[in-house]
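So the structure is just underneath, and the comments pick up after that.
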Amino acid sequence: MNLPVLESSAMGRVTIIYGLADPETGHIRYVGKAVHGLPKRLYQHLWQARTAKRKRHVLAWISSVVDKGVKPEIFEIERVPAGGDWEEAEAFWIAYFRFIGADLCNLTSGGEGAPGWKCPPERIERLRARCGPLSPLFGRPKPPHVHEALRLGNEKKARRPSSMGRQ
């Protein structure tokens with residue numbers, strides 16, 4: 001099956017902001033982005049839900065739906081043109097659906113990376129127990145040049161004009 005390759009806005013392609021809905025209730029449960037079409041993105045979610053050893057919230061929800069013999073419904077919310085700000089669009093729709101009361105499985109507020117996600121203290125303790133206190137995952141002191149680079153980067157970021165307003 002040949003799926004259409006959509007051009008990602010970061011690479012000169014279209015990005016689709018999509019939703020996953022519970023097929024029984026019709027309620028939206030997840031907002032994400034796709035660059036290779038919705039059928040392929042749904043397949044990726046189903047595969048991850050089946051194969052992941054540790055399932056994040058959305059994958060656990062997908063597994064529970066599949067266990068009932070059905071699949072989540074995927075639908076397009078917004079098509080972001082090439083060069084458009086898909087991160088802003090995704091964050092907007094996550095905030096919107098949360099505002100109207102949707103019980104989303106999204107762990108973050110959207111966009112690239114994991115802004116808004118904070119590692120729970122109990123997980124930090126489990127990692128410390130498993131990896132040990134000298135693991136690079138934990139608070140070893142940073143050298144002064146690293147602190148200076150972080151400070152300069154944060155100042156530069158603070159001077160950038162905000163692009164959070166939707167028009």
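We number each residue from 1, following the sequence as shown.
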query = Can you name the salt bridge (charged side-chain N to carboxylate O under 4.0 Å, His left out) partners of Glu76, sequence neighbours left out?
reply = Arg79
request  = Take Val35 and Lys33, measure what side chain to side chain contact (heavy atoms under 4.5 Å, CB included) needs, and give me the verdict at the end.
outcome  = CA-CA 7 Å; Val35 293; Lys33 69 140 180 143; 4.3 Å; yes
key: Qualifying residues under side-chain hydrogen bond (donor to acceptor under 3.5 Å, both in side chains), relative to Glu122, sequence neighbours excluded   = none
key: Test side chain to side chain contact (heavy atoms under 4.5 Å, CB included) applied to Val65 and Lys71, step by step   = CA-CA 6 Å; Val65 170; Lys71 294 179 189 173; 5.6 Å; no
message = Using side-chain heavy atoms (C-beta onward) and a distance below 4.5 Å, is Cys105 in contact with Leu20?
response = no
inquiry  = Can you give me the closest heavy-atom contact between Asp85 and Val80, atom names plus distance?
reply    = N-CG1, 3.9 Å
query = Quick check: does any side chain N or O of Thr15 sit under 3.5 Å from a backbone N or O of Trp86, one acting as donor and the other as acceptor?
reply = no
query = Considering all heavy atoms of both residues, which atom of Ser63 and which atom of Ala49 are nearest to each other, and what is their separation?
reply = OG-O, 3.2 Å
task = Determine the interplanar angle of the Phe92 and Tyr96 rings, folded into 0 to 90°, and report it as parallel if under 30°, tilted if 30 to 60°, perpendicular if over 60°.
result = parallel
query = If you look only at pairs with a residue in residues 45-81, which of them pass as a ring-ring contact (aromatic ring centres under 6.0 Å, His included), with sequence neighbours excluded?
reply = Tyr18-His45, Tyr30-His45
Validation row: Leu42, Leu38 side chains within 4.5 angstrom (heavy atoms) = no
query = Which heavy-atom pair separates Gly19 from Ile77 by the least distance, and what is that distance?
reply = N-CD1, 3.7 Å
query = Is any side-chain heavy atom of Arg29 closer than 4.5 Å to a side-chain heavy atom of Asp103?
reply = yes
key: Non-hydrogen atoms of Pro23 and Pro72 that approach each other most closely   = CD-CA, 4.1 Å
ask   = Among the clusters formed by ILVMFWY side chains lying less than 4.5 Å apart, do Ile74 and Tyr43 turn up in the same one?
value = no
ask   = CD/Glu90 to CD/Glu78 distance, rounded to the nearest 0.5 angstrom?
value = 11.0 Å
ask   = Once you round to the nearest 0.5 Å, how far does CG of Leu104 lie from OG of Ser109?
value = 12.0 Å
request  = Provide the full list of salt bridge (charged side-chain N to carboxylate O under 4.0 Å, His left out) pairs with a residue in residues 47-61, sequence neighbours left out, each pair given once.
outcome  = none
inquiry  = Checking the side chain of Asn106 only, and the main-chain atoms of Thr108 only, is there a donor and an acceptor separated by less than 3.5 Å?
reply    = no
ask   = Who passes salt bridge (charged side-chain N to carboxylate O under 4.0 Å, His left out) against Arg41, sequence neighbours left out?
value = none
